[in-house]
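These values consider heavy atoms only, across backbone and side chains, with no hydrogens, waters or symmetry-generated copies. Just follow the structure's listing: the first ligand is 1, and inside any ligand the first atom is 1.
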Amino acid sequence: MNQSTRVSLVTTPHKGIRNFLAQLSLQAGFTDYADRAAVEALKQRFEEICVLLEEHAASENNFILPALEARVPGSAAHDEADHEELHQLQDSLLAQLNHILDSNHTGQEARQLGYAFYQGLSRLHAGHLEHMLEEETVTQVLMWQHFTDEEMMQIHGQVIRSIAPPVMLAWMKYILPAQTPDERLQLLGGMQASAPAPFFRQVLGVAREVLPVSAYIQLEAGLTSAVAG
Ligand SMILES: [Fe+2]
């Protein structure tokens, strides 16, 4: 079987992560750090994203990497070390934002601190891009060599069941606009078949909010014909 047609445990969340890190970098660039409300808004976005990054690292540390380590000893250490390093960088950036908000800075000082935050965020962005690419080209390839698609679907199920509904809705906000129409239809078709109806309606609500109108109409038509068929 061609590897590109095999089950991937990282493609979907990584599309969401690339989307929100790009948006966060943009927002950090246009924020006036002397404007308290603007910094609060940036912090709120950053905290929402931190929850998703931590959930993602926990899913890999708790379910994916231990399964791989059991079959390929020594294979998990590098990714786990990356997760720790990125987490520490994320914490220090959050502390930098709080420092801008907590202290009595002049506007000029706040802007200087803000530029330092912007550069640090760029380091976090770059670190995640490199880490994700390595997971896709090294870790996922090892998984393909040592696990069947059925086994990977079992791990995928463990990951999905570990995600709290509000966190899943936050993931949808960033994943859905980053996917191709086919990927989106497949993801939501799977949810429609397995998730409780009220939760699926909430997911559709998020889709309506974040997708361009034409993409939402296309998605809805695909889901309806799947149900009808
Ligand atoms: Fe990772």
Side-chain angles (χ1 to χ4, degrees), residues 3-25 28 45-95 120-149 151-180 183-184 186-187 190:
Q3 290 193 337
S4 65
T5 62
R6 294 203 52 194
V7 169
S8 165
L9 297 171
V10 291
T11 303
T12 304
H14 284 185
K15 283 203 159 185
I17 291 173
R18 285 184 174 100
N19 178 12
F20 63 57
L21 286 175
Q23 289 196 49
L24 183 65
S25 289
R45 170 68 68 102
F46 189 36
E47 284 177 336
E48 181 193 35
I49 284 168
C50 288
V51 168
L52 300 181
L53 287 172
E54 281 163 27
E55 185 286 309
H56 182 62
S59 291
E60 290 174 351
N61 288 343
N62 296 338
F63 303 111
I64 300 174
L65 294 177
L68 185 59
E69 181 70 22
R71 291 190 188 180
V72 191
S75 59
H78 179 78
D79 284 348
E80 283 168 356
D82 269 8
H83 291 161
E84 185 54 35
E85 199 179 313
L86 289 166
H87 187 77
Q88 281 177 15
L89 182 53
Q90 179 187 304
D91 276 354
S92 76
L93 284 165
L94 199 53
L121 184 67
S122 200
R123 191 167 293 124
L124 183 73
H125 191 170
H128 273 290
L129 290 178
E130 201 177 338
H131 172 69
M132 287 188 290
L133 199 57
E134 190 165 330
E135 286 181 336
E136 290 162 13
T137 56
V138 179
T139 315
Q140 181 60 66
V141 173
L142 271 180
M143 293 291 290
W144 282 328
Q145 287 165 357
H146 295 274
F147 291 81
T148 64
D149 278 2
E151 287 171 326
M152 281 192 290
M153 282 312 292
Q154 278 182 4
I155 297 171
H156 177 69
Q158 289 178 313
V159 170
I160 297 299
R161 286 191 294 278
S162 75
I163 303 175
V167 177
M168 183 59 89
L169 290 174
W171 271 117
M172 289 301 108
K173 193 166 131 185
Y174 296 106
I175 287 173
L176 292 173
Q179 289 181 305
T180 66
E183 288 171 338
R184 202 179 287 139
Q186 207 185 349
L187 179 68

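One distance of note links CG of N19 with NZ of K173; it measures 10.5 Å at 0.5 Å rounding.
Minimum interatomic distance between P13 and W171 (heavy atoms only, all atoms of both residues): O-CZ3, 3.7 Å.
Residue H83 approaches the Fe ion (ligand 1) most closely through its N/O/S atom NE2.
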message: Using the rule given for side-chain hydrogen bond (donor to acceptor under 3.5 Å, both in side chains), can you reason through R45 versus Q23, listing the C-alpha separation, both sets of side-chain angles and the distance that settles it, and then say yes or no?
response: CA-CA 9 Å; R45 170 68 68 102; Q23 289 196 49; 3.1 Å; yes
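Under 2.8 Å from the Fe ion (ligand 1) lies an N/O/S atom of H131, whether from backbone or side chain. Not a single N, O or S atom of D82, from either the backbone or the side chain, sits less than 2.8 Å from the Fe ion (ligand 1). Not a single N/O/S atom of D79, whether from backbone or side chain, sits less than 2.8 Å from the Fe ion (ligand 1).
Between I17 and H14 there is a side-chain heavy-atom pair separated by less than 4.5 Å.
Rounded to 10 degrees, the OE1-metal-OE2 angle spanning E60 and E135 at the Fe ion (ligand 1) equals 90°.
Between R18 and E136, at least one side-chain N (NZ, or NE/NH1/NH2) sits under 4.0 Å from a carboxylate O, which counts as a salt bridge.
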